[in-house]
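Please read the structure below before turning to the comments.
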Amino acid sequence: MTNIFFHAVLILVFSLLPIFSAVQAAPFEGKGTGPRILIGEIACYGDHELKADKIDVFRDKLREALEDSKDFSVIVPTTPPDSSLLSRIHMDAIAHGPWFQKEYANADMIRYAESVFGRDYFWNDNKMKIRKEGRGKPYKISPALTDAAKEIGQANNADYLFFCNLREANIELKHSIFNAAATLDERPKNLKVETEFYLIDAKTGMVYESHVVTSKTGQILNLLGQWGKAMTAENLLQVMFEVQSKEILKDAYSKGLKTLEKLP
Amino acid sequence: MRKLLLLFTALVVTMLSFPMGTASAEYTIGIVGYGNRVKHTNIPDAALEQAQNIFLDIMSTELAGVKGITTVDPSERATQARIDEMCFQLENGNPEKVITNFSVHPDYLLYGYLANLTITRRESLASQNLTVRADFTARVVDAKTKQVVAVASGTGIAESHGENIASSATAFGEDEISRQSWHDSVEKALTEIGEKLRKKI
């Protein structure tokens, strides 16, 4: 009797051995252990559209920050969704968000918002008041697109969809009488980056919206005096993108994930 | 006897269900491109052109000895060289030395982008220094699905070797010093990318 069991165990072990040896993880697979996130779109829907080069840099830095964090695991979609569908979900999440202001959006965004809510909606003060009360609370996107988000989530085994809108990046030159003769590169300057990110639960279609705004002067980032009198605008932008993407990550984990997890 | 039979069947089952080839999977990475996202610099244009060559050189050396990965150069230049090699061997009457797989189909493609390359001058009462900052980002793309698989970015900051420009510029010339420092900064940025990519593999 014991012999049979012994043989059965032997067979099992022999049949399992090659699985352990053969299953070799493909390179560049996410090593995070957190919820699985699909990066939908990182784009600019602000009224002053950024140059494509700058958005591409931000795209890379934010994606890298998400990949490196242990709180999330970024997935590579097995059945890649249509990019136009993704941008429609993004625009829908922006338009339904209580922070959305039509005046600070670009033409595409305004057209989409008007097609969803109608032209009169944004001029109606009562409706705008109700809209403002919803700030900080999760909300839903249009039913057709919730279904689309669910399908994308199921097809790629993703828990959340992540969208980011880099609305504004402004560089202001500061005036100083001591720096009157300095060149443009050396003039002290202030950089403000405004982003909104949207974390969409792929199962329920609930959206968490958050605004991350950082504004820093060159002197604060230049404490060690590494860059001389002031940083150049290009250097400042690179540093700000890194700072911004780290803060987005912090917000997305500490507030975004936890509010979405608490929902029924 | 029964024991031996069972063992044999177990072995046969395992051999049939898992082909031997899958045990050691190798992936090829093609180091392909270089994109320039820099529109405004205070560095001569020659630096931007040079950065491409530095990118190709350093990334291929950084990823050279990594386990489970072989780097290839799928560029026109490299395929032409392989074809030339083939012709040379045929002309010399060595058909057994001809490379058969001279066309390369990599599994992943590696693109690099120069995001920033600027120079700043630090002045104090005692000395003048040049500081160059280079920012690179790299994307790894799956060649079949065309999806971005991994992203890595690197920054390189190089000073003018701690030398005083005011004094050494007379000896070497200021251009020479700035060239050394931007070369160093680009190298530092790319080695950082190489380290990050090796961790992700």
Side-chain angles (χ1 to χ4, degrees), chain A residues 3-4 6-8 10-19 21-31 39 51-54 56-68 74 76-80 183 185-186 222 225-235 237-239 241-242, chain B residues 2-3 6-7 9-11 13-15 17-20 22-25 27 29 35-42 66 68-69 107-108 113 115-124 129 131 133 135 137-140 142 145-153 155 157 159 196-197 199-201:
Chain A
N3 257 346
I4 294 164
F6 177 68
H7 294 320
L10 258 183
I11 289 169
L12 256 175
V13 166
F14 266 95
S15 56
L16 283 174
L17 258 176
I19 296 176
S21 61
V23 174
Q24 199 180 38
F28 308 115
E29 267 190 359
K31 276 152 196 162
I39 297 172
K51 292 266 189 301
D53 302 325
K54 299 290 174 252
D56 272 343
V57 173
F58 181 66
R59 223 170 254 157
D60 285 355
K61 299 229 166 179
L62 184 56
R63 199 198 152 102
E64 195 200 4
L66 280 167
E67 275 179 8
D68 289 348
V74 179
V76 180
T78 44
T79 48
T183 59
D185 277 348
E186 287 170 345
N222 192 16
Q226 197 172 22
W227 307 103
K229 278 178 190 160
M231 291 168 88
T232 59
E234 295 283 324
N235 284 351
L237 207 64
Q238 300 293 324
V239 177
F241 280 163
E242 278 165 28
Chain B
R2 228 175 69 193
K3 203 177 181 178
L6 274 165
L7 264 172
T9 46
L11 267 171
V13 164
T14 52
M15 296 283 267
S17 54
F18 300 98
M20 294 296 273
T22 53
S24 58
Y27 297 92
I29 290 187
N36 184 14
R37 287 180 187 149
V38 175
K39 291 282 159 68
H40 304 286
T41 46
N42 42 14
V66 184
I69 262 180
D107 301 320
Y108 297 96
Y113 297 95
N116 172 32
L117 187 64
T118 46
I119 191 163
T120 40
R121 182 185 283 272
R122 192 170 83 183
E123 291 175 29
S124 68
N129 263 326
T131 313
R133 179 184 166 121
D135 286 80
T137 58
R139 287 179 183 177
V140 181
D142 194 322
T145 59
K146 285 158 196 169
Q147 294 285 308
V148 178
V149 179
V151 170
S153 72
T155 59
I157 296 162
E159 284 190 24
K196 281 181 181 174
L197 282 179
K199 274 180 197 166
K200 285 184 183 184
I201 291 168

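Labels below follow one simple rule: chain letters A, B, ... track the order of the sequence lines, proteins then strands, and each chain is numbered from 1.
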Least distance between heavy atoms, A/V239 atom then B/R133 atom: CG2-NH1, 3.6 Å
- prompt: Are B/T118 and A/N235 close enough that a side-chain donor and a side-chain acceptor fall under 3.5 Å?
  reply: yes
message: Quick check on B/V140 against chain A: is it the side chain, the backbone, both or neither that has a heavy atom closer than 4.5 Å?
response: side chain
query: Which one, B/K196, B/K39, B/R139, leads in non-hydrogen pairs under 4.5 Å with chain A?
result: B/R139
- prompt: Which distance, rounded to the nearest 0.5 Å, do you find between the NZ of A/K61 and the OG1 of B/T155?
  reply: 7.0 Å
message: At a 4.5 Å cut-off on heavy atoms, which part of A/K54 comes close to chain B: side chain, backbone, both, or neither?
response: side chain
- prompt: Side chain, backbone, both or neither: which part of B/L117 has an atom under 4.5 Å from a heavy atom of chain A?
  reply: neither
- prompt: Quick one: side chain to side chain contact (heavy atoms under 4.5 Å, CB included) partners of B/A138, sequence neighbours excluded?
  reply: B/L110, B/I193
- prompt: So which heavy atom on B/R37 is nearest to which on A/D53, and how close?
  reply: CD-O, 3.6 Å
task: Answer with side chain, backbone, both or neither: which region of B/K146 has an atom nearer than 4.5 Å to a non-hydrogen atom of chain A?
output: neither
- request: Against chain B, work out which of A/I39, A/V76, A/V57, A/D56 has the most heavy-atom pairs shorter than 4.5 Å and name it.
  value: A/D56
message: Please give me the minimum heavy-atom distance between B/A152 and A/E64, naming the atom from each residue.
response: CA-OE2, 3.8 Å
query: Between B/V38 and chain A, which part of the residue has a heavy atom less than 4.5 Å away: side chain, backbone, both or neither?
result: neither
field: Under the side-chain hydrogen bond (donor to acceptor under 3.5 Å, both in side chains) test, residues paired with A/E234 that sit two or more places apart
entry: none
- prompt: Among B/D135, B/I69, B/T137, which residue forms the greatest number of heavy-atom pairs with chain A at distances under 4.5 Å?
  reply: B/D135
task: Pick one of side chain, backbone, both or neither for A/D68, based on which atoms fall under 4.5 Å of a heavy atom in chain B.
output: side chain
- prompt: Is it true that a side-chain atom of A/E67 and a backbone atom of B/V151 form a donor plus acceptor pair closer than 3.5 Å?
  reply: yes
- prompt: Looking at A/P77 and B/Q147, what are the two nearest heavy atoms and their distance?
  reply: CG-OE1, 3.0 Å
